[in-house]
Amino acid sequence: MADIKKAEVIEATNFIENEINKDILAGKIHGGIQTRHPPEPSGYLHIGHVRNIVLNYGTALKYGGICNLRYDDTNPLKEKQEFVDALQEDVLWLGYKWNEIKYATDYFQENYEIAVKLIKEGKAYVCDLSPEEVSQYRGTLTEPGKNSPYRDRSVEENLDLFERMKNGEFEQGSRCLRAKIDMASPNMNMRDPVIYRIQYLDHQRIGRSWNVYPTYDFSHPLDDCLEGVTHSICGLEFEDHRPLYNWVVENSGLENHSRQIEYSNLMIRNTVSGKRNIKKLVEEGIVWGWDDPRLITLKALRRRGVLPESLIDFVVAAGFAKTTTICEQSMLEYFIRNTLNQKAKRVMAVLDPIKLVITNYEGEGEEILLEDYPQNEETTKRKYVFGKELLIERSDFEVTPPPKYHRLYVGNTVRLKGAYVVKCTGYDLNEDGSVKCVYAEYDKNTKSGSGVEVKVKGTIHWLNEKYATKCEVRTFGNLLADSEAGSTNERAELGEVVYNTNSVDINKNAYVESDVDFTMEDRYQFMRNGYYALDCVDSKPDALVFNQVVGLKGSYKPEVK
RNA sequence: UGGGGUGUCGCCAAGCGGUAAGGCAUCAGACUUUGACUCUGACAUUCGUAGGUUCAAAUCCUGCCACCCCAGCCA
């Protein structure tokens, strides 16, 4: 790749691009910009990871550079092939494509050779201290550490011992290789960090071929340099590791020196984030799985019906800074709605039906036209059947309407979406006092699209039972949120986080229009009920199950006194 | 307590010595075949705090305060 020209510096839209531009202007970049997406295959991707993905793939894209997907698979204890596969699916779903797939294990031979080089230069030594002793010798935040008694072994002895570690001659934990830096450093990471440990484990990719594994702190900078990475973008929690990262880079003897830049992680208020926490919920059976729609994993969001572009838009809008970013759920929801508003088919559905009788309607039923995509001028239209007896939403009628209520009550006029304007004339009650049936009269001159102008304040959706299909609709509490104090919801306590496990509402008596071609890939807006997606796991042809993606914004709010 | 990082509207977030962008949320109004969408308007005399430098500071200096991260042979 040709050297990036100073003229090719793009206008920076965040501090990371700013730093990259500085490097280009300073002539530090030879070749193009290269980043990497380095997940550890120890769990599923969640929305917090999207920021890192956008930053790594997106930045490379912007500079015409490349980004590799590199699994940080240096700890087989936590890793599984299941996660390796899921990760790739999720990245592709988001719409990003890596240049190459790499593994940290690809570089084990090189890592090993550089470790040997460091030993030869007297910059690393084999330490016989037990893990507990290493910890004790390290000192505390305020007190400096003590040198290991094995710190000054001869190069020959170190070489021999490390070779034997590699050959599997010692017990796990009995010895490790440490970088010789400074036991008195105020930065804990610089107090002779462990760079190689003995592990006799079956690695999901390389089996038992290695008995010694490099630690993240050693392999990551090396792999970056080896691969040609120019900018290694990572989380703020690695800020303290940067001096060590640089130490490894500078002592590696490698030509390419990549630079680590940190950004803050992205969180959403009142959701459970962090692989560890999500994993615990899954393992303890508190949620249905990694794709439980209440979760914020990409799998869950997708199952719920969220479109990937919404996630990208959201992450970009949230920006990339170094402050702790905790966004409100309403912000995420805005971007979900924004995409869906353009892409979701409109379908009429009644979640909690009551009967509406048009008393002066004599026809057998008549066809009306409904727009599938009203946001799009060239929308397709579908036919639906209006009739004398209809189903409407229970909440669209009130016996005693609160102030500013614009829907049905005796004497009021509303438009039935796509059909006629009707005036409510009366209602019947059940013995328990609930509404059984509502009566109305229609005005035959007011058919939608006829051009006759009628001013009504409310439009309600409806269904003709003969042309409707019963279905199941599930709505979810806001993702998986902390319960508010005083809530009666069932709670499950995990560590310090309180989870609301009672946030699923299943409604089996809902109806949707028949004759609509429902597919998994489509999203639907159920008029005033919000956006829904056909559940891609639970649905069967004879039982439509819709998951709520997100509700509509705003709604009627009774006056609070 | 040592080191590192961060503090700008309810929530994100620009700004980098020249007199506070933008988005979400909220409120008011218009429009409407979804109380959606769209549109229009309102919304920080003030940038954690106290001083200092300067004609001029959110931006520079000093001292405080708050929060986050680090003592894995995890990443």
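Below, read A as the first sequence line, B as the second, and so on, with proteins coming before strands; counting in each chain starts at 1. Everything numeric here is computed off the predicted structure, so don't read it as measured data. The analysis underlying the following values was restricted to heavy atoms, covering all of them including side chains, and did not include hydrogens, waters or symmetry mates.
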Heavy atoms under 4.0 Å, any strand shown: does A:His406 hit a base, just sugar-phosphate, or nothing?
base
Base, sugar-phosphate alone, or nothing: which one does A:Ser264 contact when heavy atoms must sit under 4.0 Å apart?
nothing
Watson-Crick or G-U wobble mate for B:rA66, both contacts under 3.5 Å
B:rU6
Remember a base hit wins even if backbone is also touched, and classify A:Pro374 as base, sugar-phosphate or nothing at under 4.0 Å, heavy atoms.
base
Between B:rA13 and B:rG22, how far apart are the C1' atoms? Round to whole Å, please.
8 Å
More 5' along RNA chain B: A:Asp73 or A:Lys447, using each one's nearest nucleotide?
A:Lys447
Between B:rU59 and B:rG18, how far apart are the C1' atoms? Round to whole Å, please.
11 Å
Sugar-phosphate only, base, or nothing, as touched by A:Lys275 at under 4.0 Å among non-hydrogen atoms:
nothing
Please determine, for the side chain of A:Pro131, which listed nucleotide (B:rA75, B:rC74, B:rC73) has the closest atom?
B:rC73
Would you call A:Asp192-A:Arg151 a salt bridge at under 4.0 Å N-O?
yes
Would A:Arg523 count as a cation-pi partner of A:Tyr531, with NZ or CZ less than 6.0 Å from the six-membered ring centre and within 45° of the ring normal?
no
At 4.0 Å (heavy atoms only), tell me whether A:Glu371 reaches a base, stays on the sugar-phosphate, or touches nothing.
nothing
May I ask you to say whether A:Lys345 pairs ionically with A:Asp522, meaning some side-chain N is under 4.0 Å from a carboxylate O?
yes
Report yes or no: is there a donor-acceptor pair, N or O only, under 3.5 Å between the side chain of A:His241 and the base of B:rA75?
yes
May I ask you to verify whether the side chain of A:Asp240 and the base of B:rG3 hold a donor-acceptor pair under 3.5 Å?
yes
Using a strict threshold of under 4.0 Å (side-chain N to carboxylate O), is an ion pair present between A:Glu19 and A:Arg259?
yes
What does A:Glu40 touch in the nucleic acid at a heavy-atom separation under 4.0 angstrom: a base, only the sugar-phosphate, or nothing?
sugar-phosphate
If you measure from the Lys or Arg side-chain nitrogens to the Asp or Glu carboxylate oxygens, is any gap between A:Glu371 and A:Arg382 under 4.0 Å?
no
Looking only at atom C1', what distance separates B:rA71 and B:rA25, rounded to whole Å?
42 Å
So does A:Arg242 reach the base of B:rG4 with its side chain, donor to acceptor, closer than 3.5 Å?
no
So what does A:Leu129 touch, heavy atoms closer than 4.0 Å: a base, only the sugar-phosphate, or nothing?
base
Categorize A:Arg138 for me: base, sugar-phosphate, or nothing, with a 4.0 angstrom heavy-atom threshold over every strand shown.
sugar-phosphate
Contact class for A:Tyr334 (heavy atom, under 4.0 Å): base, sugar-phosphate, or nothing?
sugar-phosphate
What pairs meet the ring-ring contact (aromatic ring centres under 6.0 Å, His included) rule with one or both residues in residues 312-342 of chain A, with sequence neighbours excluded?
none
Cation-pi check for A:Tyr125 against A:Arg153: NZ or CZ below 6.0 Å from the six-membered ring centre and within 45 degrees of the axis, yes or no?
no
Rounded to the nearest Å, what distance is computed from the CE atom of residue A:Met188 to the C1' atom of nucleotide B:rA71?
3 Å
Nearest-nucleotide comparison on RNA chain B, the residue closer to the 5′ end among A:Lys322 and A:Ser330
A:Lys322
Just call it for A:Gly145: base, sugar-phosphate, or nothing, with non-hydrogen atoms closer than 4.0 Å on any strand.
nothing
Where along residues 310-321 of chain A does a heavy atom come under 4.0 Å from RNA chain B, residue by residue in number order?
A:Ala318, A:Phe320, A:Ala321
Within the structure shown, what part of the strands sits under 4.0 Å from A:Ile326 by heavy-atom distance: base, sugar-phosphate, or nothing?
sugar-phosphate
Verify the distance criterion only: is there a donor paired with an acceptor across the side chains of A:Lys457 and A:Thr413 at less than 3.5 Å?
no
For B:rA57 and B:rU19, measure between their C1' atoms and round to the nearest Å.
9 Å
Whole-Å distance between B:rC37 P and A:Ile336 CD1?
15 Å
Distance check, P atoms only: B:rU40 and B:rA14, in whole angstrom units.
26 Å
Which label fits B:rG72, syn or anti, where anti is any glycosidic angle not within 90° of 0?
syn
Which part of the nucleic acid, if any, lies within reach of A:Phe238 when heavy atoms closer than 4.0 Å are counted: base, sugar-phosphate only, or nothing?
base
Applying a 4.0 Å non-hydrogen cut-off, can you work out what A:Arg337 is touching in the nucleic acid: base, sugar-phosphate, or nothing?
sugar-phosphate
Under-4.0 Å side-chain N/O to phosphate OP1/OP2 contact, A:Ser42 with B:rA75
no
Report which part of the nucleic acid A:Thr140 touches: base, sugar-phosphate, or nothing (heavy-atom distance under 4.0 Å, all strands).
base
